[in-house]
Amino acid sequence: MSQKFPFGDIATLGTAPPEMSYPGLSPQLLARTRQLWSVRGLDFDDAWRRAIRQMPGFRALPRIDDTATSAQVDLVFLFDQGLIWVKAIHAAARRGYDHGVPGLDPAQWHGLAALSARLTEQMTALRMLALTDLPLPAMQIARSVSEDVDMLLVLLVRRKLAARFIACRTVEEASSFWRRHIAGGRAFRALTEKLYEIGLDYSPDTDYGRWRKDVLANLGAAVHSNALAMPGTDRQPGVHLGNDNSLHFATFRIHELCAYAQLIKPDLVEALTRAATEPPESDPQAGLAAPLSAIVVNQIQSLSQPAPAPSAGGATRH
């Protein structure tokens, strides 16, 4: 976030409703979210406490009095909604793998469980960094989130690649797999081929492609050491996105993950539904994964544009 957030601004009770941790949250966004959960028979308060309130390093947002909009608070709220979904995906994927649930290959269930666990840790860390005004490490993690989203989607459409991924047993094998199949945008290019088949053109020469390239280049400035990004110094315009933008990009990519996973084959939502019910013993967190997919997609329209960055180029994101 663009404001400085000193430690200990707000400490909420474990039994307080979620909205108490987001002072200044848009009432319309909160009401819409509660409605989306309620119509599907889901307990938003309980799920939020389990996934967000109990996360390592949880902090409520401080009240921001010098802003004319709720956009920054809304962004964190939407980010947290995505994190609840990612945690539910992990629980469902574990069940899918452990019980051999049909719908995905064992290697795909395994890869989904592993990558959703990574995403959970990365998003947890990114949230902490965004609330303590540490933009450089936030940018590094936002880039990793984006790469893992691409990788997860590719494992869904390329079963043999999923098998190669889980077959990696050493650091050298994992590094080789990454260089050959993921690094340099390779995973996203494989994904765009599948999206093109269903009428979505995200090739490099589109507005989206150029915007994505610019964002990742800026995020890369934090990953690769350079004199322009020294902590504690004035950064040149365009060198970093700032915490708002890192959080926005990560939230946007989780929205893309959710949306694209429902467009490509195999049918992830159907597989997640099976994983939550086969065998019949209930798992509340795994049971959230399928219905939350519809909620996360519905919230795409609520993701406000962050403050303009010199590199954004005015591209349309959706």
Side-chain angles (χ1 to χ4, degrees), residues 1 3 5-64 70-94 113 116-134 138 141-142 145 243-244 246-248 250-251 254-255 258 276 282-293 295-296 298-299 302-303:
M1 310 279 292
Q3 282 80 9
F5 295 116
F7 287 104
D9 280 315
I10 291 179
T12 57
L13 296 174
T15 57
E19 53 266 32
M20 296 298 293
S21 293
Y22 307 91
L25 177 67
S26 164
Q28 293 80 10
L29 176 58
L30 176 62
R32 179 59 177 164
T33 298
R34 286 197 171 279
Q35 180 186 37
L36 290 170
W37 281 71
S38 178
V39 297
R40 290 167 176 81
L42 304 177
D43 187 338
F44 170 51
D45 287 26
D46 180 69
W48 181 87
R49 290 191 187 102
R50 292 174 181 272
I52 304 301
R53 181 64 183 84
Q54 297 180 14
M55 72 164 58
F58 168 80
R59 295 182 63 218
L61 276 69
R63 184 173 297 280
I64 305 174
S70 63
Q72 289 183 313
V73 179
D74 294 352
L75 173 59
V76 179
F77 182 78
L78 292 169
F79 177 88
D80 288 351
Q81 291 279 301
L83 182 50
I84 296 172
W85 178 68
V86 169
K87 288 188 173 184
I89 289 284
H90 177 68
R94 286 291 303 270
S116 59
R118 275 173 51 92
L119 281 173
T120 295
E121 292 189 356
Q122 290 167 344
M123 293 177 72
T124 299
L126 179 55
R127 189 186 195 277
M128 295 172 62
L129 294 169
L131 296 184
T132 49
D133 198 32
L134 294 170
I141 294 177
V145 167
N243 285 347
D244 272 347
S246 295
L247 204 66
H248 180 278
T251 308
I254 295 300
H255 282 169
C258 187
S282 63
D283 183 338
Q285 192 169 30
L288 290 174
L292 267 180
S293 297
I295 293 176
V296 171
N298 187 283
Q299 290 179 329
S302 299
L303 185 61

Validation row: [X], [Y] side chains within 4.5 angstrom (heavy atoms):
X	Y	value
Leu29	Leu78	yes
Ser26	Phe77	no
Arg59	Thr132	yes
Leu61	Ser21	no
Tyr22	Asp80	yes

For [X] and [Y], work out which heavy atoms get closest and say how close.
X	Y	result
Ala138	Leu129	N-CD1, 3.7 Å
Ile52	Phe58	O-CD1, 3.3 Å
Leu75	His248	CD1-CA, 3.7 Å
Gly287	Ala276	CA-CB, 3.7 Å
Phe79	Ala250	CE1-CB, 4.2 Å
Ile254	Gly82	CG2-CA, 4.0 Å

Scan the side chains in residues 86-94 for donor-acceptor partners under 3.5 Å anywhere in the protein, sequence neighbours excluded, and list what turns up.
from  : atom 1 : to     : atom 2 : distance (Å)
Lys87 : NZ     : Ala51  : O      : 2.5
His90 : ND1    : Ala113 : O      : 2.9
His90 : ND1    : Ser116 : OG     : 3.2

**Request:** Just jot down the side chain to side chain contact (heavy atoms under 4.5 Å, CB included) partners of Pro291, sequence neighbours excluded, or say none.
**Result:**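 Partners of Pro291 under the side chain to side chain contact (heavy atoms under 4.5 Å, CB included) test: Arg40, Leu42.
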**Message:** Arg32: which residues meet the side chain to side chain contact (heavy atoms under 4.5 Å, CB included) condition with it, sequence neighbours left out?
**Reply:**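 Expected list: Gln35, Leu36, Asn298.
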**Message:** Check this for me, if you would: do Asp43 and Arg50 make a salt bridge, where the nitrogen-to-carboxylate-oxygen distance has to be below 4.0 angstrom?
**Reply:**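 Judged by the 4.0 Å cut-off on N to carboxylate O distance, Asp43 and Arg50 do not form a salt bridge.
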Quick check: does any side chain N or O of [X] sit under 3.5 Å from a backbone N or O of [Y], one acting as donor and the other as acceptor?
X	Y	value
Ser70	Val73	no
Ser38	Arg34	no
Asp45	Pro17	no

**Asked** Checking side-chain contact (heavy atoms from CB on, under 4.5 Å) for the pair Asp283/Gln285: CA distance, chi angles, key distance, verdict?
**Response** CA-CA 6 Å; Asp283 183 338; Gln285 192 169 30; 4.0 Å; yes
Nearest 0.5 Å please: distance from the [atom1] atom of [X] over to the [atom2] atom of [Y].
X	Y	atom1	atom2	value
Thr124	Leu119	OG1	CG	10.5 Å
Gln81	Thr251	CD	OG1	11.0 Å
Leu83	Trp48	CG	CH2	11.5 Å
Leu25	Met20	CG	CE	12.0 Å
Leu131	Leu247	CG	CG	8.0 Å
Ser246	Ile141	OG	CD1	9.5 Å

**Asked** Can a donor-acceptor pair be found between the side chains of Gln299 and Thr33 at a distance below 3.5 Å?
**Response**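 Checked: Gln299/Thr33 side chains pair up, N/O donor to acceptor below 3.5 Å.
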